[in-house]
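One structure follows; several queries about it will come next.
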Amino acid sequence: MSDPVQDIIQEPESALPAVQLSELPQSIQTAAKNAGWHQLTPVQSKGVPYQLAGRDLMVQARTGSGKTGAFLLPMLETLDASRKEPQALVLVPTRELAKQVAKDAETLFAGSGLGVVSVYGGVSYKPQIEGFKQGVQLVVGTPGRVLDHLIKRNLKLDSLRVLIFDEADRMLGMGFYPDMVDVQRYLPAERHGYMFSATFPQTVQSLAARFLNNPDFLSLSRDHVHVTDVEHIYVVTPRMDKDRSLVRLIEMENPQQALIFCNTKARVNYVATVLKRFGFSADELSSDLSQNARERVLGKLRDGKLRFLVATDVAARGIDIPELSHVFIYEPPEDPEVYIHRAGRTGRAGAGGDAITLIRNLEKREITRIAAMYKINFKEQPVPTDEDVSNIVAQRLTAHLEGQLRNRDKLKAERMERFLPYVKELSETEEGRQLIAMVLDDLYHRVVHKNESEPDSGQSQGGQSPSGNQRSGRNKRRR
């Protein structure tokens with residue numbers, strides 16, 4: 001279990017010594033001063049030397065650790081302001097993060113001559129193209145929109161020196177793996193790469209092996225990559241809104257598959273019904289099921305045709321999904337030992353995992369009792385808001401639609417033009433916007449949630465990561 005006080009620190013065998021701000025080049029000291037930083041954070045102190053030395057690196061670190069500064073500060077020494085072309089590319093999962101990283105870069109680069117442009121989907125291409133024409137040295141963007149610009153030759157990366165993946169686990173959870181692979185075709189062979197991620201499951205390690213050159217590994221997180229580790233989280237939910245809270249959590253986390261535990265057969269049936277009505281691929285497992293029905297459900301789970309299995313503890317005995325990334329505990333068990341069995345269904349075979357328990361305020365004492373008994377460091381996480389969910393859903397769907405548009409041939413593009421006046425007309429009335437929203441909602445559930453009741457019209461551009469295990473969208477917790 002995780003140590004409640006100290007983070008685990010793992011460094012490469014041939015580790016470089018950590019540095020203090022006063023030991024770094026004057027350009028970096030000046031940039032830090034511009035940002036109001038008086039000293040380096042641990043991830044900066046330990047990570048910056050590897051980038052200055054040109055050694056590829058995987059960094060495991062959490063939100064608030066200063067990782068953005070860790071990859072931006074070295075660019076003041078490794079990028080050439082006199083060359084008006086992109087020399088560094090930072091790939092991020094969301095438009096919000098792209099804007100934030102670009103804003104931080106503008107602060108740190110002030111007076112250096114280095115320029116930055118952020119590129120992401122759902123907005124006009126024109127300002128982004130203008131940014132390229134100005135000769136910026138750093139491009140920060142989401143993989144799908146970066147790929148669009150590369151295909152259209154608005155952006156060229158022939159002089160790229162530095163490639164950064166920020167929040168790599170979230171990019172896989174957003175379904176960007178195919179786009180990242182396509183971006184690779186436009187990258188020069190000689191470059192240095194750095195990957196930052198809160199977790200390093202096998203899918204992220206596979207991505208690192210594809211893009212980085214014999215990278216070192218630096219961990220400043222409790223989620224040690226080389227040991228079985230579960231992050232234990234509890235979410236305080238409103239008494240009458242627990243089902244909707246579960247739906248919002250699932251939407252944000254977006255696991256490939258998950259187990260959801262309930263204490264009673266009646267609750268199992270209720271939760272499974274709610275999830276199915278919300279469009280999720282879900283089924284239930286309880287002692288009431290016949291052996292044939294049980295085998296049918298488990299067969300769908302093993303074949304990857306079922307995303308969410310809602311079960312009681314008794315019914316779930318004997319179920320083993322090696323790469324299960326999430327367990328949702330809809331209500332805390334009466335016996336603390338049962339919690340350990342539930343949480344232990346994830347984080348197997350050296351991979352990280354999340355055990356998320358939904359509780360009411362009065363049930364906090366149950367979490368305290370489990371934490372004390374098993375020395376578990378629980379983290380409290382807020383229930384995602386409707387706005388949080390809307391933002392993440394819109395960005396996943398935008399990534400898919402832009403990918404579909406990118407692959408459309410000329411005849412299909414011409415055919416599509418006939419609907420543009422109608423779309424404009426629909427967008428001008430409330431009823432029309434409702435119709436558009438309905439179409440987008442149905443599409444989202446086909447391509448992201450693979451709703452079995454609605455046949456998919458084609459392979460989602462979002463796709464899956466190499467092993468098919470998509471990790472979560474964690475902007476509210478880890479970033």
Side-chain angles (χ1 to χ4, degrees), residues 24-25 27-32 34-35 37 43-44 47-48 50-52 54 56-57 59 66-121 123 125-150 153-168 171 176 179-180 183-184 186-188 190-196 211-212 479:
L24 292 172
S27 62
I28 295 179
Q29 293 186 46
T30 300
N34 290 340
W37 301 346
V43 71
Q44 294 164 359
V48 166
Y50 290 88
Q51 295 176 65
L52 292 177
D56 288 23
L57 187 69
V59 182
K67 57 186 176 59
T68 304
F71 61 75
L72 288 177
L73 287 173
M75 292 182 188
L76 289 152
E77 287 294 303
T78 57
L79 305 187
D80 184 353
S82 67
R83 298 180 61 181
K84 303 300 182 182
E85 54 192 348
Q87 299 161 49
L89 172 65
V90 179
L91 293 175
V92 299
T94 68
R95 68 183 71 136
E96 287 81 13
L97 187 55
K99 290 189 284 189
Q100 183 59 52
V101 171
K103 182 179 178 181
D104 291 344
E106 288 171 353
T107 299
L108 293 173
F109 291 177
S112 69
L114 296 174
V116 58
V117 63
S118 58
V119 300
Y120 44 86
V123 297
Y125 286 80
K126 187 174 180 180
Q128 299 170 5
I129 295 172
E130 288 300 318
F132 300 145
K133 290 180 179 178
Q134 291 172 11
V136 297
Q137 288 77 23
L138 170 62
V139 176
V140 183
T142 54
R145 181 53 69 94
V146 168
L147 180 59
D148 285 343
H149 283 298
L150 289 170
R153 303 191 66 79
N154 300 325
L155 172 64
K156 294 183 180 180
L157 298 175
D158 299 338
S159 299
L160 192 75
R161 297 179 179 182
V162 179
L163 174 65
I164 305 286
F165 293 86
D166 191 13
E167 302 193 357
M171 278 195 279
F176 279 127
D179 289 341
M180 289 188 279
V183 166
Q184 189 176 30
Y186 297 87
L187 304 178
E190 297 296 324
R191 64 177 190 274
H192 293 294
Y194 307 92
M195 183 174 290
F196 294 78
F211 284 90
L212 309 187
R479 305 295 185 259

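Residue numbers run from 1 in the order of the sequence given. Below, all heavy atoms of this structure are taken into account, side chains as well, without hydrogens, waters or symmetry copies.
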| How long is the span from the CG atom in L187 to the CG atom in L89, to the nearest 0.5 Å? |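 Taking CG in L187 and CG in L89, the distance rounds to 7.0 Å.
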| After noting the C-alpha distance and the side-chain angles of V101 and F71, does the key distance pass the side-chain contact (heavy atoms from CB on, under 4.5 Å) rule? | CA-CA 10 Å; V101 171; F71 61 75; 4.1 Å; yes
| Side chain proximity check, F176 to V183, heavy atoms < 4.5 angstrom |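 Side-chain contact under 4.5 Å: no.
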| query | So do the side chains of F132 and K156 get within less than 4.5 Å of each other, counting heavy atoms only? | reply |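 Answer no - side chains too far apart.
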| message | Side chains of D148 and Q128, heavy atoms from C-beta outward: is any pair under 4.5 Å? | response |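 When only atoms from C-beta onward are counted, Q128 and D148 do not touch, as no gap falls below 4.5 Å.
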| Should M171 and L91 count as side-chain neighbours, where that means a heavy-atom distance under 4.5 Å? | yes
| field | Under 3.5 Å: donor-acceptor pair, side chain of R145, backbone of T142 | value |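 Not confirmed, R145 side chain does not pair with T142 backbone.
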| query | Going from CD on E106 to CG on L138, what distance comes out if it is rounded to the nearest 0.5 angstrom? | reply | 9.5 Å
| S159 side, atom OG; K84 side, atom NZ - distance, nearest 0.5 Å | 13.5 Å
| Sub-4.5 Å side-chain heavy-atom contact between I129 and H149 |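 Contact flag for I129/H149 side chains = yes.
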| Side-chain heavy atoms of W37 within contact of Q44, under 4.5 Å | yes
| Going by distance alone, is a donor N or O of one side chain under 3.5 Å from an acceptor N or O of the other, for T78 and R161? |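 There is no such pair (donor and acceptor under 3.5 Å, judged by atom type) between the side chains of T78 and R161.
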| message | Other residues, nucleotides and ligands only: do more than 12 of their heavy atoms fall within 6.0 Å of CD on E190? | response |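 Result for CD/E190: open.
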| said: What's the separation between atom CD in E85 and atom CG in L157, rounded to the nearest 0.5 Å? | reply: 10.0 Å
| message | Any heavy-atom pair between the side chains of V116 and V140 that's under 4.5 Å? | response | yes
| task | Output the distance between atom CD (Q51) and atom CG (L57), rounded to the nearest 0.5 Å. | result | 7.0 Å
| query | Think R153 forms a cation-pi with Y186, using NZ or CZ under 6.0 Å from the six-ring centre and within 45 degrees of its axis? | reply | no
